[in-house]
Amino acid sequence: MSIYEVKTMGERIAGNSYVGRGVVLGKSADGKNAVSAYFIMGRSENSRNRIFVEKGSDLFTEPFDASKVEDPSLIIYAAVRDTTSKLIVTNGDQTDTIYEYLKNGKTFEEALESREFEPDAPNFTPRISGMINFGDANFTYKMSILKSLDEEGSECSRYFFNYVSKAGLGHFIHTYNHDGNPIPTFTGEPERVSIPDDIDAFTNDIWTNLDEANKISLYVRYTSLEDGSTQTRLINKNN
């Protein structure tokens with residue numbers, strides 16, 4: 001198997017009952033769109049009690065049934081923040097950390113140096129983050145994962161990846177390799193995936209291949225590199 005192997009999102013996730021939360025960034029095959037996707041999965045009732053809600057050009061997780069919320073600290077957050085020149089996508093409240101650091105003239109990396117993995121022992125769920133940097137009719141993007149150094153959660157290891165956009169290519173990072181107790185965290189570099197031109201085809205490929213019992217919500221966004229216009233698709237299992 002080549003280290004440059006590219007698979008569809010469906011091929012990456014099919015048959016895996018629990019990849020957790022996932023971020024995909026890349027460029028459509030025709031080179032016309034910057035593409036981002038974010039999905040969440042959940043095993044507990046608290047995790048499954050969520051929906052995605054668009055507010056303007058941003059995306060938030062919210063309770064589906066507010067009366068059943070047990071602990072909102074790690075499940076309710078801004079997942080996507082749009083600054084026009086940058087698009088931030090993460091699996092937690094580090095979205096706002098990055099957003100605030102950028103407003104103060106600091107960087108994606110500096111923001112995440114101030115954060116660490118989630119305090120949910122024994123899983124120590126990684127914080128995964130991505131950011132698209134829009135330029136003149138093109139873009140670059142960054143991805144990061146913050147994860148525990150060891151099974152005790154004694155220290156945080158921080159990994160950063162930087163990409164030049166290439167037509168038809170995306171990168172996919174997720175919180176877990178697969179289900180388990182504790183759940184094994186994602187290892188290695190973000191996975192290479194193909195990005196089609198059609199937003200509905202891409203959305204369908206992800207949603208239909210996520211595990212039926214554990215999938216919760218999916219958000220996909222195509223941003224035109226010509227005029228900045230966006231197409232979005234949002235699916236909530238709870239509706």
Side-chain angles (χ1 to χ4, degrees), residues 4-42 50-54 57-61 79-82 86-91 95 128-134 137-143 161 163-176 186 189-212 214-239:
Y4 300 110
E5 181 180 28
V6 178
K7 295 184 177 182
T8 66
M9 276 297 296
E11 290 170 334
R12 290 290 185 196
I13 60 180
N16 189 334
S17 63
Y18 205 61
V19 292
R21 286 164 273 174
V23 173
V24 186
L25 300 179
K27 182 186 280 186
S28 59
D30 59 11
K32 294 181 179 181
N33 292 281
V35 175
S36 58
Y38 179 57
F39 65 78
I40 58 175
M41 304 179 77
R50 288 184 289 174
I51 56 173
F52 282 169
V53 176
E54 284 186 279
S57 58
D58 295 341
L59 180 75
F60 295 81
T61 65
V80 176
R81 290 281 194 193
D82 183 358
K86 301 181 189 301
L87 187 71
I88 306 160
V89 186
T90 93
N91 74 326
T95 306
I128 55 173
S129 306
M131 184 174 74
I132 295 175
N133 298 293
F134 291 100
N138 209 347
F139 67 97
T140 59
Y141 56 101
K142 300 172 179 283
M143 303 187 96
F161 306 91
Y163 299 103
V164 176
S165 61
K166 178 180 173 61
L169 179 66
H171 289 87
F172 169 41
I173 193 167
H174 42 102
T175 50
Y176 308 122
F186 179 87
E189 296 183 15
E191 298 165 350
R192 294 161 62 89
V193 295
S194 57
I195 307 286
D197 298 335
D198 187 332
I199 187 173
D200 291 312
F202 190 51
T203 302
N204 184 67
D205 190 39
I206 299 172
W207 186 249
T208 58
N209 285 290
L210 285 169
D211 183 77
E212 182 63 32
N214 293 321
K215 66 184 180 183
I216 302 171
S217 297
L218 168 65
Y219 178 77
V220 178
R221 178 172 179 151
Y222 276 46
T223 303
S224 169
L225 298 176
E226 181 180 1
D227 60 14
S229 61
T230 62
Q231 301 178 71
T232 64
R233 299 292 185 269
L234 189 158
I235 303 175
N236 287 312
K237 190 174 182 180
N238 296 314
N239 55 44

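Remark: aromatic rings of His171 and Tyr163 are close, center separation under 6.0 Å.
A search for side-chain hydrogen bond (donor to acceptor under 3.5 Å, both in side chains) contacts involving Arg12 returns nothing, not counting sequence neighbours. By the ring-ring contact (aromatic ring centres under 6.0 Å, His included) test, Phe186 pairs with His174, sequence neighbours left out. By the side-chain hydrogen bond (donor to acceptor under 3.5 Å, both in side chains) test, Ser36 pairs with no residue at all, sequence neighbours left out. For Ser217, the side-chain hydrogen bond (donor to acceptor under 3.5 Å, both in side chains) partners at least two apart in sequence or on another chain are Asn236. Remark: Ala79 engages Tyr38, Leu59, Tyr77 in a side-chain contact (heavy atoms from CB on, under 4.5 Å) (not counting sequence neighbours). Residues passing the side-chain hydrogen bond (donor to acceptor under 3.5 Å, both in side chains) test with Asn16: none are found, sequence neighbours excluded.
Closest heavy-atom contact between Asn91 and Thr175: ND2-CG2, 3.4 Å. Pairing each heavy atom of Gly170 with each of Ile195, the nearest pair is N-CG1, 3.6 Å. Residues Asp198 and Tyr222 approach most closely at O-OH, 3.7 Å, considering heavy atoms.
Using a 3.5 Å distance cut-off with no hydrogens or angles, the side chains of Ser17 and Asn214 do not pair a donor with an acceptor.
Taking a 6.0 Å sphere around NZ of Lys86, one finds it holds more than 12 heavy atoms contributed by other residues, nucleotides or ligands. When the shell of 6.0 Å around CD of Glu189 is examined, it contains 12 or fewer heavy atoms from other residues, nucleotides or ligands.
Side-chain atoms of Asp211 do not come within 3.5 Å of backbone N or O of Tyr18 as any donor-acceptor pair. Put simply, the side chain of Arg221 gets close to the backbone of Ser57: a donor and an acceptor are under 3.5 Å apart. Remark: side-chain polar atoms of Asp227 are paired, donor with acceptor, to backbone N or O of Ser229 under 3.5 angstrom.
Counting heavy atoms from C-beta on, the side chains of Trp207 and Lys237 come closer than 4.5 Å. Considering only heavy atoms from C-beta on, Ile13 comes within 4.5 Å of Phe172 through its side chain. In this structure, the side chains of Phe139 and Lys27 come closer than 4.5 Å at one or more pairs of heavy atoms. At least one side-chain heavy atom of Tyr219 sits less than 4.5 Å from a side-chain heavy atom of Thr232. In this structure, Phe39 and Lys215 have side chains that are not in contact, with every pair of non-hydrogen atoms separated by 4.5 Å or more.
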Decide side chain to side chain donor-acceptor pair (under 3.5 Å) for Thr90 and Thr95; before the verdict, give the C-alpha distance in whole Å, the side-chain angles of both, and the deciding distance to 0.1 Å. CA-CA 6 Å; Thr90 93; Thr95 306; 2.5 Å; yes
